[in-house]
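A, B, ... follow the sequence lines: proteins, then strands. Residue 1 opens every chain. Just so you know, these numbers come straight off a predicted model, no measurement behind them.
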Amino acid sequence: MSKKYWLMKSEPTVFSFDNLMAKPDATDHWEGVRNYQAHNYMREMQKDDLVLFYHSNCEIPGIVGIAKVIREAYPDHTSWDASSRYYDPKSSLQNPRWFMVDVQSKKKFRHIISLKELRKVPELQEMNLLRKGQRLSVMPVMQKDFEKIVKLAEATYSRS
DNA sequence: GCCAACGTTGGC
DNA sequence: GCCAACGTTGGC
């Protein structure tokens with residue numbers, strides 16, 4: 001099966017791209033997805049799929065870098081941890097209700113590709129991310145859009 | 001802090 | 001199964 005592309009949102013005050021880079025092996029599990037549609041997308045992820053890392057609910061929302069899926073979906077242990085903010089009493093070790101993947105940071109953009117900037121790119125206007133009212137924290141990205149965003153990031157490098 | 005646009009819950 | 005009330009997301 002061919003590689004797929006995704007976008008995952010995180011609030012940088014909770015977990016930022018820098019936090020991911022600082023982890024051992026620049027790798028961490030992606031805990032806390034508690035929306036079924038986002039969760040279903042996450043379960044479709046395959047090893048080596050690439051992920052746009054998006055910072056949400058912050059001063060400058062936008063894409064900050066690229067990560068890679070290094071472990072496919074497995075039970076999210078925070079869902080049965082009563083002390084976790086992601087605790088779900090309907091989930092248990094025996095019958096897990098939520099899953100997570102492991103991701104590794106791959107490349108940090110020198111500058112954030114802000115939501116504002118994305119909205120100015122004609123080719124990207126069909127992205128799920130830019131659709132009104134869509135709030136999924138995990139969503140698929142078309143290959144052409146992924147490549148366009150990487151190009152934007154590279155153009156930013158050469159300009160500076 | 002506001003509020004639009006969702007998703008979820010629970011009474012009926 | 002309907003739907004009002006409530007909670008959450010996330011840009012602004």
Which residues share a side-chain hydrogen bond (donor to acceptor under 3.5 Å, both in side chains) with [X], sequence neighbours left out:
X: A:Glu123; answer: A:Lys148
X: A:Gln37; answer: none
X: A:Tyr74; answer: A:Asp102

Among A:Leu124, A:Leu118, A:Val150, side chain to side chain contact (heavy atoms under 4.5 Å, CB included) partner for A:Ile113: A:Leu118
Pair A:Asp76 + A:Arg97: basic N to acidic O under 4.0 Å: no
Listed once per pair and sorted, the salt bridge (charged side-chain N to carboxylate O under 4.0 Å, His left out) pairs that draw on residues 43-64 of chain A, sequence neighbours left out: A:Asp48-A:Lys68
Per-nucleotide protein contact string for nucleotides 7-12 of chain C (B base, S sugar-phosphate only, - none; heavy atom under 4.0 Å): -BBBSS
pair A:Val121-A:Leu152: side-chain heavy atoms closer than 4.5 Å: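 A side-chain contact under 4.5 Å exists here.
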Side chain to side chain, A:Val51 and A:Val69, heavy atoms closer than 4.5 Å: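 Sidechains of A:Val69 and A:Val51: in contact.
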Nucleic acid contacts of residues 32-42 of chain A, taken as heavy-atom distances under 4.0 Å to DNA chain B: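 Going residue by residue through residues 32-42 of chain A, the ones with a heavy atom under 4.0 Å of DNA chain B turn out to be A:Asn35, A:Tyr36.
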Side-chain N,O (A:Lys132) to OP1/OP2 (B:dA4) below 4.0 Å: no
